[in-house]
**Student:** 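Pasting a structure below so you can have a look.
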There are 2 protein chains.
Amino acid sequence: MRILIADSDSGAVSHLVKVLGKSSYAVDHVKTADEALNMFKHYEYDLFITELVLSDLPGEELIRQVRRSRISTPIMVLSVRTDSPTKVAAFSAGADDYVTKPFDMSETQARIQALTRRSYGIAESRLCVGPLELDLESRMVSVNGHFLHLTSKEYSILELLLLRKGAVLTKDMFLNHLYGGIDEPEMKIIDVFICKLRRKLQRFGAEHMITTVWGRGYILQDPAVAAGTSASSQGFTEGSAPLRQAG
Amino acid sequence: MRILIADSDSGAVSHLVKVLGKSSYAVDHVKTADEALNMFKHYEYDLFITELVLSDLPGEELIRQVRRSRISTPIMVLSVRTDSPTKVAAFSAGADDYVTKPFDMSETQARIQALTRRSYGIAESRLCVGPLELDLESRMVSVNGHFLHLTSKEYSILELLLLRKGAVLTKDMFLNHLYGGIDEPEMKIIDVFICKLRRKLQRFGAEHMITTVWGRGYILQDPAVAAGTSASSQGFTEGSAPLRQAG
DNA sequence: TATCAGCGATGAGAATACGCATAATTTCAA
DNA sequence: TTGAAATTATGCGTATTCTCATCGCTGATA
């Protein structure tokens, strides 16, 4: 899960950055609107958190520019200003949430969670596919009722697979989901993690859930459902369900 | 835009109902969780606003039940409770926003707008022509319900054909779609892929879908529909239509 | 009808991607 | 600081796909 934070102040926000980092969010932290816009040019984010007062541009204008660039990433505003007109202006510029400083850490985390899952069109924090269950909040993963011990990266990969189940995900997408803009490792590690994930899933009887799509990437499917199709190596249900929940 | 509000208290909320009604939202107002669940059975909403304290069920439990019914409508909680654990619990049950009473009307309206505007514009990822179906997300292709195993390039070609169905596509277009200008192989390769595609489609009864336009390129059509229509649809017509089916 | 360019089909070698093991490096808690 | 776990890098055998050369055929044109 990838977050961009634009904030010049280094107080409570830097604490937030740390907390999020430890929750295995990939956080990029910039100090100016210009830097933020630049990051948006190169990377995709699941959430953008911004101050309203940045040195080079009013935050509200920044939000407007982001939206004008057709970036639909959810935006959370963090600000000391509590007056209603300011809030309304932020929302109408394109913000999705507004949190006033000083903020309560756990509430803010909950809001961040709500915004990120919503950006995938998902309403619940528990995701299921066949025998596999993943809870976005507690980061617990179970297969047929057995809880798996996943490392942070393994979890992140499985998380993305579940958030976008039924879609082919390229290694680029995984890299983007797992790492901050700078110093991404080589693409080849993704298949190492996939390999490890598969083995852990298999240990409790969840085989053939992660399918390789040659030359493209990987896709997560319920093997029980996919089994119905004979001729192809990668089956899928006939007349299958809509891939995205309305939201 | 359709909104369901569950609230037993008739003070500020009834004012909200009025205001929203005037803003051309269609608002249904119920007083109990039971009524709310009943409404969800019969109607679809773009937003659900609920109190946390309802006479028959804790609001948090109501949210959970809604989510369990696979209803992914955004949920806003309105409550007098301001403590962080309560908020976190609401979010984790599946809420998308939490507003404390007494609430500021204009801010709340802005939040409502932020929640509802996201429900627009969900892209359709499935393309169909006759017996042929292609899903852009999962890259699955089926013919008469049989799933095909296509290689990466084969898929890309079929994808372009479907995205621009009914139009003549030149080999240049295919090359550009497949290689994006860098390291392009010989143009002849397109023939090869088209040939392989045709054979795979044929295997499951989809014949004559990809038609050759001599000297120009290829076109995808539903054979059942195209039977009557000659290929005058492209503005490329030079006398009689030079169409030929491969055998 | 002759001629020529475009198309269909095939198969084999080249190129590429993948799975997995293992090794090297980093991180983090004790 | 040290040791264990996690992360990253590398290497290689295997599997799959891509590409090209080739040949026979088709349609356009004069």
Side-chain angles (χ1 to χ4, degrees), chain A residues 18 21-24 26 139 141 148-158 168-172 174-175 177-180 182-203 207-219 232-234, chain B residues 139 141 148-158 168-172 174-175 177-180 182-203 207-219 231 236-247:
Chain A
K18 272 185 202 158
K22 285 202 174 172
S23 318
S24 82
R139 313 179 74 80
V141 176
L148 261 52
H149 169 70
L150 298 184
T151 70
S152 156
K153 300 291 185 218
E154 287 164 357
Y155 171 83
S156 291
I157 288 200
L158 192 60
V168 174
L169 301 167
T170 65
K171 295 184 181 180
D172 272 319
F174 286 111
L175 277 185
H177 187 76
L178 263 64
Y179 302 93
I182 34 175
D183 54 58
E184 283 186 352
E186 293 301 309
M187 218 175 257
K188 197 110 187 354
I189 22 149
I190 300 303
D191 65 45
V192 176
F193 283 123
I194 291 280
C195 170
K196 291 185 173 176
L197 257 181
R198 277 177 173 151
R199 205 168 313 165
K200 287 188 180 180
L201 293 178
Q202 224 176 83
R203 187 164 306 155
E207 287 183 88
H208 312 307
M209 297 205 65
I210 302 172
T211 308
T212 303
V213 180
W214 226 89
R216 280 297 144 169
Y218 301 92
I219 185 170
S232 66
S233 57
Q234 325 137 10
Chain B
R139 302 173 67 90
V141 176
L148 302 184
H149 171 69
L150 299 184
T151 70
S152 182
K153 294 281 193 282
E154 287 164 359
Y155 172 85
S156 293
I157 289 205
L158 190 60
V168 175
L169 300 167
T170 66
K171 295 186 183 179
D172 271 320
F174 286 111
L175 275 187
H177 184 68
L178 262 65
Y179 305 93
I182 43 172
D183 257 4
E184 286 186 355
E186 296 298 310
M187 205 172 270
K188 193 84 175 48
I189 202 69
I190 303 301
D191 297 350
V192 178
F193 286 127
I194 291 282
C195 169
K196 291 185 173 170
L197 257 180
R198 276 179 175 149
R199 194 162 335 154
K200 287 187 180 180
L201 293 178
Q202 225 176 82
R203 187 164 304 155
E207 288 184 88
H208 314 310
M209 297 205 65
I210 302 172
T211 309
T212 304
V213 182
W214 221 87
R216 285 265 140 67
Y218 300 93
I219 184 172
F236 280 50
T237 40
E238 51 237 315
S240 58
L243 298 185
R244 195 184 80 80
Q245 308 295 342

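Chain letters run A, B, ... following the sequence lines, proteins first and then strands; every chain starts at 1. As the structure is a prediction and not an experimental result, all values here were calculated from the model.
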**Student:** For the pair made of CZ in B:R139 and P in D:dT17, what is the distance, rounded to whole Å?
**Tutor:**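 After rounding, the reported distance stands at 12 Å.
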**Student:** Using whole Å, what does the distance between atom P of nucleotide D:dG11 and atom CD of A:E186 come to?
**Tutor:** 12 Å
**Student:** Strictly below 4.0 Å, N to O, side chains only: are A:K200 and A:E154 in salt-bridge contact?
**Tutor:** yes
**Student:** Each nucleotide N or O in nucleotides 3-7 of chain D that has a protein N or O under 3.5 Å away: list the pair and distance.
**Tutor:**
from  : atom 1 : to     : atom 2 : distance (Å)
D:dA6 : OP1    : A:H149 : NE2    : 2.8
D:dT7 : OP1    : A:S152 : N      : 3.4
D:dT7 : OP1    : A:K153 : N      : 3.3
D:dT7 : OP2    : A:T151 : OG1    : 2.4

**Student:** Expressed in angstrom and rounded to an integer, what is the separation of B:R198 atom CZ from C:dC7 atom P?
**Tutor:**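 Distance check: B:R198 CZ to C:dC7 P gives 10 Å.
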**Student:** Base, sugar-phosphate or nothing for A:Y218? Non-hydrogen atoms, less than 4.0 Å.
**Tutor:** sugar-phosphate
**Student:** Take atom CZ of B:R199 and atom C1' of C:dG8, then tell me their distance rounded to the nearest Å.
**Tutor:**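 Rounded to the whole Å, the gap is 9 Å.
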**Student:** Does a side-chain heavy-atom distance below 4.5 Å link A:D191 with A:K171?
**Tutor:**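 When only atoms from C-beta onward are counted, A:K171 and A:D191 do touch, with a gap below 4.5 Å.
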**Student:** Between the base of D:dG11 and the side chain of A:K188, is one N or O donor paired with an acceptor at under 3.5 angstrom?
**Tutor:** yes
**Student:** Return the value, rounded to whole Å, for the distance between atom CD1 of A:I210 and atom C1' of C:dC18.
**Tutor:**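 About 14 Å, once rounded to whole Å.
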**Student:** Measure CD1/B:I194 against P/C:dG6 and give the value in whole Å, please.
**Tutor:** 17 Å
**Student:** For the helix from C:dT1-D:dA30 to C:dA30-D:dT1, measure the angle between the helix axis at one end and the axis at the other, each built from five pairs, rounding to 10°.
**Tutor:** 50°
**Student:** Looking at the side chain of B:W214, which of D:dT19, C:dG6, C:dG19 is the nearest nucleotide?
**Tutor:** C:dG6
**Student:** Kindly give the heavy-atom pair with the smallest separation between A:Y179 and A:P185, and that separation in Å.
**Tutor:** CZ-CG, 3.5 Å
**Student:** Flag the pair B:F174 / B:Y218 as yes when at least one side-chain heavy-atom distance between them is below 4.5 Å, and no otherwise.
**Tutor:**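 SC-SC contact between B:F174 and B:Y218 confirmed.
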**Student:** Going by heavy atoms in the side chains, are B:L175 and B:T170 under 4.5 Å from each other?
**Tutor:**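 Counting from C-beta outward, B:L175 and B:T170 never come under 4.5 Å.
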**Student:** When the distance from CE of B:M187 to P of D:dT19 is rounded to whole Å, what number comes out?
**Tutor:**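 Checked: the CE to P distance equals 14 Å.
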**Student:** Can a donor-acceptor pair be found, under 3.5 Å and without considering hydrogens, that links the side chain of A:R139 to the backbone of A:S23?
**Tutor:**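 At least one qualifying donor-acceptor pair exists.
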**Student:** Counting just side-chain N and O atoms, does B:T212 come under 4.0 Å of either OP1 or OP2 of C:dG6?
**Tutor:**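 So the side chain of B:T212 is outside the cut-off, no N or O lying under 4.0 Å from OP1 or OP2 of C:dG6.
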**Student:** A side-chain contact here means heavy atoms from C-beta on lying under 4.5 Å apart; do B:R198 and B:T212 qualify?
**Tutor:** yes
**Student:** Of the listed nucleotides (C:dA21, C:dG19, C:dG8), which one gets closest to any side-chain atom of A:D191?
**Tutor:**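 The closest nucleotide is C:dG19.
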**Student:** Quick check: closest heavy atoms across B:S152 and A:G215, and the distance to 0.1 Å?
**Tutor:** OG-O, 4.4 Å
**Student:** To the nearest Å, how far apart are A:F174 CZ and D:dT8 P?
**Tutor:**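 It is 15 Å, rounded to the nearest whole Å.
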**Student:** Over all heavy atoms of both residues, which pair between A:L178 and A:A26 is shortest? Give the atoms and the distance, please.
**Tutor:**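 Nearest pair, atom of A:L178 first, then A:A26: O-CB, 3.7 Å.
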**Student:** Are any of B:R216's side-chain N or O atoms less than 4.0 Å away from OP1 or OP2 of C:dG6?
**Tutor:** no
